[in-house]
Amino acid sequence: EKGTYPYYMLKEIDEQPAVLRKLLLKYQNEANQLTIDQKIVDSILESDRVYIVAAGTSYHAGLVGKELIEKMTHIPTEVHVSSEFGYNTPILSEKPFFIFLSQSGETADSRQVLVKTNALGYPSLTITNVPGSTLSRESTFTLLLHAGPEIAVASTKAYTAQIAVLAIFSEVVGIQKGLIKHGVMLRDIGIAANAIQSIVDDKESIEELASEYLSTSRNAFYIGRGMDYHVALEAALKLKEVSYIQTEGFAAGELKHGTIALIEEQTPVIALITEKSVAGHTRGNLQETKARGAHTLAISMEGLNRPEDQIVIPHVNPLLSSLAIVIPTQLLAYYCSLHRGNDVDKPRNLAKSVTVE
Ligand code: M6R
């Protein structure tokens with residue numbers, strides 16, 4: 001039920017701190033340590049490469065997941081769009097382990113890949129919000145998102161829940177491999193939940209920025225580097241699907257290799273800045289667009305912020321920065337859609353789950 005909320009999308013954005021806290025409870029053992037089914041850990045420890053397969057927002061969560069898995073477990077990881085996998089099949093390693101990310105667990109493109117990997121006898125893990133869904137039933141293992149029903153077509157809380165589950169999964173595997181001595185995810189996902197809470201509590205300021213930056217624009221850009229680039233792709237998908245503004249997510253450094261030609265007077269360019277090592281470069285790229293007339297907006301993380309930044313999010317573990325920095329972009333998309341009079345929860349031409357290939 002929507003309760004007092006005008007739209008499910010806003011309700012689901014607001015629920016994210018609670019979703020993360022619930023996840024931490026669900027994945028905790030009696031000794032208050034994060035844990036997952038040992039059979040999953042054993043299976044992944046036997047494998048030599050992880051293949052993440054997903055579509056849309058789940059694919060974008062997979063891009064973040066790759067960073068988490070590689071950094072914490074040192075297992076090489078590839079991320080693939082499910083609709084391409086069948087035709088553009090990568091050369092598989094000797095012992096692949098497949099992870100299917102799907103909020104609904106019903107996405108036909110992803111299922112088609114699972115049918116193939118099952119036929120080849122490879123182990124698979126589905127990370128989904130829906131127990132008993134097709135992908136969950138047909139894969140070897142399942143981890144649940146425990147996010148509660150996601151009704152809005154635009155996925156929000158499933159994205160953050162997927163990243164949190166992947167972080168928990170990576171830490172548990174990293175500990176068992178002896179790569180991590182002291183787990184921090186229990187604490188740091190909790191800190192991220194608090195950060196999200198403070199961002200949603202201040203949503204009026206983001207609503208104002210949505211009016212100021214996005215009310216009349218026909219196109220827009222999100223830019224970032226590293227983890228922030230992955231979030232830029234998700235931010236762009238969210239904005240375009242609910243506002244119908246043509247939006248591109250771009251690697252900040254790649255913009256000048258062609259796409260900067262699209263920048264005109266007042267084109268909104270939004271930079272995501274949470275990574276210390278590349279913050280200066282991203283700011284430089286934002287400046288380049290400003291010099292060509294762009295209406296620039298910077299969303300940065302405390303510690304890296306500058307006085308001119310329009311949105312500053314609280315500091316979180318940089319491995320989990322996506323959990324926090326995505327929230328203002330979800331809110332910008334929501335308010336932009338609302339102000340344009342669109343059907344926020346049911347954007348045109350879209351269905352909640354895509355069950356045809
Ligand atoms: O249920 P799934 O996670 O498999 O769905 C994948 C995509 O169809 C989905 O994320 C879609 O891109 C959303 N509309 C994004 O907001």
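Each ligand, and each atom within it, is numbered from 1 in the order the structure gives. Heads up: numbering here begins at 1 and tracks the sequence. As the structure is a prediction and not an experimental result, all values here were calculated from the model.
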Please determine whether a side-chain nitrogen of the Lys or Arg among [X] and [Y] lies less than 4.0 Å from a carboxylate oxygen of the Asp or Glu.
X      : Y      : result
Lys238 : Glu234 : yes
Lys2   : Asp345 : no
Glu46  : Lys95  : no

Can you tell me the protein heavy atom closest to atom 13 (C) of ligand 1 and the distance? Val153 O, 3.7 Å
Considering non-hydrogen atoms of the protein only, which is the closest contact for atom 4 (O) of ligand 1, and what is the distance? Thr107 OG1, 2.4 Å
[X] neighbourhood, listing ligand 1 atoms whose heavy-atom distance to it stays under 4.0 Å:
X      : answer
Lys238 : 15 (C), 16 (O)
Thr57  : 10 (O), 12 (O), 15 (C), 16 (O)
Ser58  : 2 (P), 3 (O), 10 (O)
Ala154 : 16 (O)
Ser102 : 1 (O), 2 (P), 3 (O), 4 (O)

Arg340 to Tyr244 six-membered ring, cation-pi geometry met (6.0 Å, 45°): no
Shortest reach to [atom] by a heavy atom, considering only [options]:
atom                    : options                        : result
atom 16 (O) of ligand 1 : Glu106, Glu241, Arg111, Lys240 : Glu241
atom 6 (C) of ligand 1  : Ala351, Ala55, Ala54           : Ala55
atom 8 (O) of ligand 1  : Val354, Val53, Thr355          : Val354

Take the angle between the ring planes of Phe97 and Phe141 and call it parallel below 30°, perpendicular above 60°, tilted in between.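 Ring orientation of Phe97 relative to Phe141: parallel.
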Using the ring of each side chain (for Trp, its six-membered ring), is Tyr51 parallel, tilted or perpendicular to Phe98, with breaks at 30° and 60°? parallel
Polar atom proximity, [X] to ligand 1 (N or O, under 3.5 Å):
X      : value
Ser353 : no
Gln162 : no
Ser104 : yes

Test Gln330 against every option in Lys157, Gln16, Glu12 by the side-chain hydrogen bond (donor to acceptor under 3.5 Å, both in side chains) rule and name the one that passes. Gln16
What closest approach, in Å, do Val130 and Leu144 show between heavy atoms, and which atom pair accounts for it?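 Scanning both residues, the minimum pair turns out to be C-CD2, 4.3 Å.
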Side-chain heavy-atom pair Leu63, Tyr229 within 4.5 angstrom cut-off: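 Heavy-atom side-chain distance check fails, nothing below 4.5 Å.
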Is the contact between Ser155 and ligand 1 made by the side chain, the backbone, both, or neither, using heavy atoms and a 4.0 Å cut-off? both
